[in-house]
Amino acid sequence: MSTVTVDRRKPIMSRAGRWVAELVLVFVGVYAAFWLSNYQQRQQDVERRDRILEFIEQTLGEGIESSKTNRVKEQEPEATEFRRALDVGEMPPLRPFVFITDYSPSDLATMLQSGGVQLLDVQTLRALRNDEAVIRWGLARMARYQKLSDELIVPNLDRDISFFYDPATKKLRKQFEIYPQALEARVKFANELEQTHTELLKQIQAERRQNR
C-alpha cells in the first residue's frame, strides 16, 4: 500500500503570495491616488498663479498708460505753466487741488492673503511690495496737499488775487506756497508710479514666461 505525502506549505505560501500581491496593489493604488491628487493640485496652482499674474499685468498696463496720458496732457503742463507764470511775476490764479484715484489697498492684500503669497516668486512679491510702498507714500502726500487746498484755497476762491499774493513782490504768501509744490509733487508721484509699475510689469512678465 502506497503512502501519499501532502506538502502543507504550498497553500500557506500561496495565501502569503496573494496577501503580498494585494498589499502591493493597495500600496500602488494609494500612491497613484496621492500622486494624482498632488498633480492636480499643482496644475490648479499653476493655473491660479497665471490668472493672478495675468490680472496684475493687465491692470498695470492700463494704469501705466492712463498715468502717462494724464501726466503728459494735464499734470506736467499745469505745473510747468504755473511755475513759469510765477517766476515772471504774473500772479497766476490758484485753483482747488484735486487728486482722484480708484486705488484700493485692500485689493492687493486680499489677493495675497487668499494664497498669492505661496504662489508667486519672491522677486515678484518684492516688486509688488515696493510698488505698494510707492503708492501708499504718494497717496499720503496727495491727501495732505488736497486737505490743505480744501482748508486754505477752496474757501477763499472768491477773494481778490492780493489775498493769495503780496502785490509788492508778486510772490505767493507763505501759507499758499504749497500750491506749486503740490502741482510738482503730483507730477513726481506720477513719474515714480510709472517707474515702479514698469519694473513690476517686467518682473511679472518674466515669471509668466518662466512658468509656461
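Note that these values count all heavy atoms, side chains included, but never hydrogens, waters or copies made by symmetry. Keep in mind it's a predicted model, so treat the numbers as computed, not measured.
Put simply, Val134 and Trp137 are part of two different groups of oily side chains (I, L, V, M, F, W, Y) that touch within less than 4.5 Å, one to the next. Hydrophobic clustering, with ILVMFWY side chains joined whenever heavy atoms are under 4.5 angstrom apart, groups Phe55 together with Leu200. Hydrophobic clustering, with ILVMFWY side chains joined whenever heavy atoms are under 4.5 angstrom apart, keeps Val72 apart from Ile64.
Within a 6.0 Å sphere centred on CZ of Arg173, heavy atoms belonging to other residues, nucleotides or ligands number more than 12.
Within the 4.5 Å cutoff, side-chain heavy atoms of Thr124 are placed close to those of Leu53.
With rounding to the nearest 0.5 angstrom, the CE atom of Met91 is 9.0 Å from the OG1 atom of Thr169. Rounding to the nearest 0.5 Å places CD of Gln203 at 12.0 Å from CG of Leu60. Rounding to the nearest 0.5 Å places CD of Gln181 at 13.5 Å from CZ of Phe176. Summarising the geometry, atom OG1 belonging to Thr59 is positioned 10.0 Å from atom CD belonging to Glu54; distances are rounded to the nearest 0.5 Å. Atom CD1 of Ile178 sits about 6.0 Å away from atom CG of Leu152, to the nearest 0.5 Å. Here the straight-line distance linking atom CG of Leu128 with atom CD1 of Ile204 works out to 5.5 Å at 0.5 Å rounding.
Looking at every heavy atom in both residues, Arg186 comes nearest to Val98 through NH1-O, 3.3 Å. Closest non-hydrogen pair, Pro92 versus Ala85, comes out as CG-CB, 3.7 Å. The two residues Tyr145 and Ala185 have their closest heavy-atom pair at CE1-CB, 3.6 Å. Minimum interatomic distance between Arg71 and Pro77 (heavy atoms only, all atoms of both residues): O-CD, 3.7 Å. Scanning all heavy atoms of the two residues, the minimum distance from Pro167 to Ser162 falls at CG-CB, 3.8 Å.
Look at Glu57 and Arg208 and you find a salt bridge, because one of the NZ, NE, NH1 or NH2 atoms lies within 4.0 Å of a carboxylate O, short of that distance. Between Glu81 and Arg84 there is a salt bridge, since a side-chain N of the basic residue sits under 4.0 Å from a carboxylate O of the acidic one. With respect to Glu90 and Lys170, no salt bridge is recorded, no charged nitrogen being found less than 4.0 Å from a carboxylate O.
With sequence neighbours excluded, the residues forming a side-chain hydrogen bond (donor to acceptor under 3.5 Å, both in side chains) with Glu192 are Arg141, listed by chain and number.
Relative ring orientation between Phe99 and Phe189 is described as tilted, the plane-to-plane angle lying within the 30° to 60° band.
For Phe82 and Tyr179, the gap between ring centers is short of 6.0 Å.
Listed by first then second residue, pairs satisfying salt bridge (Lys or Arg N to Asp or Glu O under 4.0 Å) with a partner in residues 147-156 read Lys147-Glu151, not counting sequence neighbours.
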**Study point:** CA sep, side-chain torsions, deciding dist, call: Asp121, Gln210, side chain to side chain contact (heavy atoms under 4.5 Å, CB included)
**Key:** CA-CA 10 Å; Asp121 287 350; Gln210 180 182 350; 3.8 Å; yes
Review point. Side chain to side chain contact (heavy atoms under 4.5 Å, CB included) between Leu94 and Tyr165: does it pass, once the steps are laid out?
Key: CA-CA 10 Å; Leu94 278 64; Tyr165 290 87; 3.8 Å; yes
Practice item. Kindly determine whether Glu132 and Arg136 satisfy salt bridge (charged side-chain N to carboxylate O under 4.0 Å, His left out), including the steps that lead there. Key: CA-CA 6 Å; Glu132 180 83 354; Arg136 288 178 180 273; 3.2 Å; yes
**Study point:** Stepwise side chain to side chain contact (heavy atoms under 4.5 Å, CB included) test for Asn191 and Val187
**Key:** CA-CA 6 Å; Asn191 279 316; Val187 173; 3.8 Å; yes
